[in-house]
Protein chains: 2
Amino acid sequence: MKSRTTIQDVAKKAMVSKVTVSYVLNGRDADVRISQETRARVLQAAEELGYRPSGVARMLVNQRSGTIAVVFQYASYFSHWSSFTSDVMRGVCEAAVVEGFDLMLHTKATETVDQELNQLLDGRVDGALVLRDGNDPMVQQLINRGFPFVLFFTRNYDPRACFVDSDNYMGGQIATDHLIKLGHRRIGMVRGSHQSTSSNDRFNGYRDALESNGIACREDHVLAIPTPDSPLGGLDDLMARPDRPTAFFIWSDDVAYPVMGRLKELGFECPRDVSIVGFDSLPSSELCSPRLTSVKQAIEEIARAATQMLVARINGEDIRQRQQIFPLTLDIRSSTGPAPDLT
Amino acid sequence: MKSRTTIQDVAKKAMVSKVTVSYVLNGRDADVRISQETRARVLQAAEELGYRPSGVARMLVNQRSGTIAVVFQYASYFSHWSSFTSDVMRGVCEAAVVEGFDLMLHTKATETVDQELNQLLDGRVDGALVLRDGNDPMVQQLINRGFPFVLFFTRNYDPRACFVDSDNYMGGQIATDHLIKLGHRRIGMVRGSHQSTSSNDRFNGYRDALESNGIACREDHVLAIPTPDSPLGGLDDLMARPDRPTAFFIWSDDVAYPVMGRLKELGFECPRDVSIVGFDSLPSSELCSPRLTSVKQAIEEIARAATQMLVARINGEDIRQRQQIFPLTLDIRSSTGPAPDLT
DNA sequence: TATACTTACTGAAACGGTTCAGCACGATGA
DNA sequence: TCATCGTGCTGAACCGTTTCAGTAAGTATA
């Protein structure tokens, strides 16, 4: 295991001090003047030795790593690396390249919050993009420490926190409005976790859309997302009732697919008997049959915005707005249609 | 910008030397004995100051970062962060967590190979998982430098190189065999780049399967994957001919979808008029209509295996086998059926 | 001929840890 | 009483850079 070529090696070969090598290689012509001959000698020595400066040593002295961390939820019912995550990463990568930052991934299922914090605070990253729930204990710790981070796809209203999120409330509204306009009056929802802000916001949007149209929001038409324990449990019962929903607004496309599958098995044709609106507008929603109407988040844009906001924080710039909320749009496809006549 | 709490601060507060702090915090009881009182004092001081050791300083002295890089192709017709990439990352993350390594992402579109190398060789990572084509100039550089890395989903037969790959040749074979067994004799292919080993292997498997069944491989039945410039150009012409293929083996599912779409527009029903076999068996292939028969790679497994191999290399273990090749399977769905009678 | 100003370069300290060798002290054994 | 040993701790060197303050020599200015 031969050890790395250091700046000292280059210095010796070029018969100058390592300081000179540093100045030449970093092109700091403004600060220190180096003669052309010396410069050439240094450059050649570096070239011949195949010298690569140690980023680690640099980080240590500069107190800056030029790297940002992306922190994911480490466990969830859905896979970490779904299409959603892909879009997120694309946005983050793009923005990071532009801003000149490298990326670290923190999806590690460490034992304790403390261990996770060690990872983030050990100087290897200048800041973090956090895709955890805004109430995660770790988030509070980061706030208290004054560590530069930006939440995305979630919220935390602490005045010291920054976040970029979709307008989930609006998402619930436009999905529900669309169904109401199609004549549906009994609109069910398959909702996400009660712990998650996004989930609650979507639900509130759904409820308010109903109520502002004079439709009562019925608890018994709201189902929880399936888990390994209770996979679509309530759906069969609900659809067996005479006052069954004629449409569903569903937490996410990933959940909408199996729901559509189950409804078909139960003999309901979509959209003739029941309409479905999903959330995320995954690429697959264009391929499935019927093509799924779905609320679309500007995932890449949000990811880019969050990255830019983080970089601004790292650079100590004044953040004009610490909260950014992006509007949502509805991709109308063929899984939604006029309400059936059930009289 | 208050500077970080250092080991020195803890030492002062606990009234010991920083060496003692280091020993206590690292639990090096075997090497150096510390009294219970001192230990307690140090621990408390560290706790009260909220001390987090600098990973950077550690890396510098240990000459080891506990981090591996994942290097992606920086440009391609397909999106970086497709479902394929998701699966790859899931496998890599899992294995990295188990092995105790952190992850850096290198998808950066740097100007030159040299700049990219700087990134990898600057000591921030102990090794790299490389998802570039095996002939990428960067790969050769890494080999020459003796940098620990493992290629995956591609190959390089240099004896100093390590790789983990799918048996693409076999993939081409089983896809084609399946079609032949269904009675197809005129089987087209939409092939990938001529530069990529995987692509050539798949093609060779396809060709050999044909020929070992007494069917000539016809150049005019082989199309290139669509690019922004020539989107599915040759397909229309090919299908207009009387000796058109009755089946296609297609480079990837991502390409298969638009091909299926176009065939439908041209009035061909799948699988009645034409059968399609894709490659990757994406989740969407279960959702699209008809459900797409597709060759499946053990993506996560390969990613895990590559990660483990890399860690072994980093740890200086003797690598038993520097090449691992994983078999492929065929997910038979409804896009393939008996050959139509075209007489 | 003394003074100031460039030019070209360098020594030493710092960044925040780890490791090695060694030291002071009290207890033990001969 | 002296050598030996174990215990508990520390000084100094080191990892590979950058930065600050300075120095020595040559050149222009007065």
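Order of the sequence lines sets the chain letters (A, B, ...), proteins ahead of strands, with each chain counted from 1.
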B/Arg52/A/Asp122 ion pair, N-O < 4.0 Å: no
Donor-acceptor pair under 3.5 Å, A/Lys18 side chain vs D/dG16 base: no
Distance below 4.0 Å between A/Ser17 side-chain N/O and C/dT10 OP1 or OP2: yes
Phosphate-side-chain proximity, A/Ser35 and C/dC9, N/O vs OP1/OP2 below 4.0 Å: yes
Short side-chain N/O contact from A/Arg4 to OP1 or OP2 of D/dC15, under 4.0 Å: no
Check: B/Ala303 main-chain N/O paired with B/Thr307 side-chain donor or acceptor under 3.5 Å: yes
Euclidean distance, atom CD of residue A/Gln8 to atom C1' of C/dA12 [Å, nearest integer]: 13 Å
Test: A/Glu116 and A/Arg132 ion pair at under 4.0 Å: yes
Protein-nucleotide distance (B/Asp9, atom CG; C/dC15, atom P), rounded to Å: 10 Å
Spacing between B/Gln36 atom CD and D/dC9 atom C1', to the nearest angstrom: 15 Å
Phosphate OP1/OP2 of D/dT18: any A/Ser22 side-chain N/O under 4.0 Å: yes
Per B/Thr38 side chain, nearest of listed nucleotides C/dA12, D/dC9, D/dG11: D/dC9
Residue-level proximity of residues 48-59 of chain A to DNA chain D when a heavy atom falls under 4.0 Å: A/Tyr51, A/Arg52, A/Pro53, A/Ser54, A/Ala57, A/Arg58
B/Arg90 with B/Asp87: basic N within carboxylate O range, under 4.0 Å: yes
B/Thr20 side-chain N/O to D/dC9 phosphate OP1/OP2 under 4.0 Å: no
Separation of atom CD in B/Glu37 from atom C1' in D/dG8, rounded to whole Å: 11 Å
Atom-pair distance (NZ on B/Lys12; P on D/dT10), nearest Å: 15 Å
Atom pair distance, as rounded to whole Å: CG in A/Leu25 and C1' in D/dT18: 13 Å
Any donor-acceptor N/O pair, A/Arg145 side chain to B/Gly50 backbone, under 3.5 Å: yes
Separation of C/dC20 P from B/Asn26 CG (nearest whole Å): 13 Å
Rounded distance (Å) that lies between atom C1' of D/dT7 and atom CZ of B/Arg33: 7 Å
Lys/Arg-Asp/Glu bridge criterion (N-O < 4.0 Å) met for A/Arg304, A/Glu300: yes
Presence of B/Gln63 side-chain N/O under 4.0 Å of D/dG16 phosphate oxygens OP1/OP2: yes
Given DNA chain D, 5'-ward residue of the pair B/Val19 and A/Tyr23, judged by closest heavy atom: B/Val19
Worked check of ring pair (Phe, Tyr, Trp, His ring centres under 6.0 Å) between A/Phe163 and A/Phe153: CA-CA 8 Å; A/Phe163 67 79; A/Phe153 301 101; over 10 Å; no
Expected output: side-chain B/Thr20 to main-chain B/Lys18 donor-acceptor under 3.5 Å: no
DNA chain D: 5'-proximal contact among B/Arg39 and B/Val61 (nearest heavy atom): B/Arg39
